[in-house]
Number of protein chains: 2
Amino acid sequence: MTAPLHEARPTGPGRALPDTQQGMRRRNLARVMHAVSAEGPLSRAAVASRIGLTRAAVSTLVDELIRTGLIEELGPERPGRVGRPGSALAVSGRGPSGIGAEIGVDHLAVCAVDLRGEVRARAVRHGTNRGRSPAPVVEELTALVRRVIAEAEPAGLWPAGLAVAVPGLVARDGRTVVRAPNLDWQDVDLGALLPGEFPLTVDNEANFGGLAELWLGADTPRDFLHVSAEIGIGAALVVDGSLLRGTRGFAGELGHVPVHPDGPRCVCGGRGCLEQYAGEEAVLRAAGLAPGEDRVGLLAGRAADGDPDVRRALREAGTALGIALTGALNLLDPEGVVLGGALAGLAPWLLPSLETELSRRTAGPARPVSVSRLGPEGPLLGAAHSVVRAVLDDPAAVAERA
Amino acid sequence: MTAPLHEARPTGPGRALPDTQQGMRRRNLARVMHAVSAEGPLSRAAVASRIGLTRAAVSTLVDELIRTGLIEELGPERPGRVGRPGSALAVSGRGPSGIGAEIGVDHLAVCAVDLRGEVRARAVRHGTNRGRSPAPVVEELTALVRRVIAEAEPAGLWPAGLAVAVPGLVARDGRTVVRAPNLDWQDVDLGALLPGEFPLTVDNEANFGGLAELWLGADTPRDFLHVSAEIGIGAALVVDGSLLRGTRGFAGELGHVPVHPDGPRCVCGGRGCLEQYAGEEAVLRAAGLAPGEDRVGLLAGRAADGDPDVRRALREAGTALGIALTGALNLLDPEGVVLGGALAGLAPWLLPSLETELSRRTAGPARPVSVSRLGPEGPLLGAAHSVVRAVLDDPAAVAERA
DNA sequence: GCTATTTCGTCATGGCAGTTTACAAATTAG
DNA sequence: CTAATTTGTAAACTGCCATGACGAAATAGC
């Protein structure tokens, strides 16, 4: 059972799956899970009115979910309202958990999140992975994964799946890293290197960051661009609450949008790509700094100290970002833009020129550019939560494995 | 009953509609319609295996569709295979029809398409609409609509809906033309001006063109960009077989993607937008021609005659398009690009420089750039077919009105 | 304090949808 | 001409949700 968790589900009239009563039941179980998960403790009656089924139907659905341990009965509510109080239902803090992992340039991280969305265990290993071959890195990651699983186990949690965020392009199979320039990896099938005991998904770090923003952000809209940078500049395109991945899985390559078509050559073959102006390397060079460890921290520190070269470099990066984003906004018409990853930390110095450029170039009301609250935690949390979402999306599938 | 036909259906776990048995039935009726519509005459058994239901279930579904006149029994098949031959089922050529309409800069057009996809009636009125106020234009259009409906009526067709393609931005309500520069319209509620007897959808001409490409194109993929030009340059973003509309409905504004960020001022407030290089007006100017009637024909004629100024102007437009499309391809990773509308007629002179630019700037296998077979007919056909698709998507809804 | 009202959760009943099983009809293979 | 195969349909069955009724547990009004 190693199916990709977040496969784009075929939707609309084209979907080939027959519509049978069992499917209906499964979808309604999912609806109950989502309602309870999203709106806190809820009585059966409240769930029924939320999802449009009758109380009787919800009763049987909830019974089943309680039997399989996905939902817990907290006890009677104490409301000021008239009538018999309902019995509060909540998603269980035990049972299946989502294991999220991140392969960063300078670290490895793993965490376990329960169905309630709480992080229940974590493990980190610092140290660069640049240029290391996949096998030993994944081996270390696997060790962290096992440690986290072991740590969560006494609390009654078992891994329902593993999702790995990587700084690079991932094929649509959700397993293969096609290219990760920072790691110098190419066509690595992580599915073959990682333990096969549970469902695995691999995805781009920007994508998981975007999903984290969608699921955990305070008032993130269902349509936005999540821009993230770790040397390369990637964007997660969230459209109507789900990721736009592209045919090959390479959508969101904001870094190679042409900004100055006659500008400097880029590794991608083009000229004047955004990455040549707002990529980490380019900014460091423009700021007169040498590449090294913790480059983002260095930039942020210098900028905070008022270093004029760094400030100018970031200002220009913001302008270039603004130009590239103008194109993206015209194409996608999202509700907003969120700066995540390394960009979040540098936002104070990027935002002014970025917003100037955007408002200069786009008509109509300005689209809000906000900064991720999650910062560097985004991808890891997004990965773990993607597993949790998969459980909420089809609780019946998990119940079979429990 | 004037609900928008092609509203983005909420999908996935978030959709609020309860999953009830009647809904199941409706979806399965739709599945049968789609199977029969897409794969020609089919026996009940063939439909059953296609959609994954049992023959018995399909039998009752088909019975219902035959009773409501949406499907016809053609009679026994004559196969070389062993076993009792099936009875061929086909979508009916009578009953509900889709009325498509187009408000062009230089013409109005209306057509009626039956469930089989055949155009059964059409009407055109030539003459510019530039600068005319909405009311008289829509009045003329309404007259054409009524004529087409009357023409189709003796064949047993009745209008299941009206879809109108306009050269401009349309709000997500599917009724309001927010801005149509060529017509000089702004915030026009077509829903108030058009007859209210049947469901109405209004959409961008590029969007309907893209849908036509998706539904009628020979081997069009489910993920592509359909680029179209009528003064403005618009693109339909088809992602996984459905349109990406954006929050406000303005997605696909390729014309205002920055190509040379320091280039000439654009009406949108920006600088160096694609439209400044590849828009109709810009190309005419670059070619040393004055604007007038049938501008595209003029350009194509001169180019075919070998006029060097025109050729150069088109070559440069192709280059600019290539730069803007590079950005779009990096963001969306579609399977291909289709040139439609006015661009289709000019493709021979645009394509070389466009493809050069694309292959220069993008790594990996070149994405195919193809030319629409439908040409200027695309938007009209797409509009009419969108109504037909709505019927196929929910035959039960139509049966109630029959 | 007591009764009426309101709301909750559950149960029994019923309707509806698709499955299973069986069978007659219509064709080909030999 | 018989056996094998496939189609379409009917009858019985299972599963799921809706309906309506009921007891339980709270509040509101007197």
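Throughout, a chain's letter reflects where its sequence line sits, starting with A, and its residues are numbered from 1.
- Put simply, R44(B) has no side-chain N or O that comes within less than 4.0 Å of OP1 or OP2 on dT6(D).
- For the pair V391(A)/L115(A), a side-chain contact is recorded, criterion being any heavy-atom separation below 4.5 Å from C-beta on.
- Rounded to a whole Å, the CD atom of E77(B) is 15 Å from the C1' atom of dA25(C).
- For dG18(C), neither phosphate oxygen OP1 nor OP2 lies less than 4.0 angstrom from any side-chain nitrogen or oxygen of T54(B).
- With 3.5 Å as the limit, one finds no donor-acceptor pair spanning the side chains of R84(A) and S43(A).
- In this model, a side-chain donor or acceptor of R84(B) finds a partner on the base of dT7(D) within 3.5 Å.
- To the nearest angstrom, C1' of dT10(C) lies 14 Å from CG of L61(A).
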| request: Step by step, work out the side-chain contact (heavy atoms from CB on, under 4.5 Å) result for S97(A) and R120(A). | output: CA-CA 9 Å; S97(A) 66; R120(A) 300 288 289 276; over 6 Å; no
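- If you measure from atom CG of L65(B) to atom P of dA17(C), you get 13 Å, rounded to the nearest angstrom.
- Distance Q22(A) CD to dG18(C) C1': 9 Å, rounded to the nearest Å.
- Between the side chains of N28(A) and R31(A), at least one donor-acceptor pair of N or O atoms lies under 3.5 Å.
- Between the CG atom of D63(B) and the P atom of dC16(C) there is a distance of 16 Å, given to the nearest Å.
- You'll find that the side chain of L53(A) is closest to dC17(D), out of dC11(C), dC17(D), dG18(C).
- Map A46(A) and V82(B) each onto its nearest nucleotide of DNA chain C; the residue landing nearer the 5' end is A46(A).
- Between the CE atom of M24(B) and the P atom of dA18(D) there is a distance of 13 Å, given to the nearest Å.
- In this structure, CG of L42(A) is placed 15 Å from C1' of dT7(C), rounded to the nearest angstrom.
- Between the side chain of R55(B) and the base of dG8(D), a donor-acceptor pair under 3.5 Å is found.
- Across dT7(D), dA26(D), dA18(D), the shortest atom-to-atom separation from the side chain of A57(A) is found for dA18(D).
- Taking only side-chain nitrogens and oxygens, N28(B) comes nearer than 4.0 Å to OP1 or OP2 of dG18(C).
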| said: Using side-chain contact (heavy atoms from CB on, under 4.5 Å), reason through E335(A) and V238(A) one step at a time and then give a plain yes or no. | reply: CA-CA 10 Å; E335(A) 209 166 320; V238(A) 178; over 6 Å; no
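- Residue R25(A) places at least one side-chain N or O closer than 4.0 Å to OP1 or OP2 of dC17(D).
- Rounded to an integer number of Å, the gap from CD of E64(A) to C1' of dC16(D) is 11 Å.
- Remark: the Q21(B) side chain and the dG15(D) base include a donor-acceptor N/O pair separated by less than 3.5 Å.
- Looking at heavy-atom distances under 4.0 Å, A56(A) makes contact with a base.
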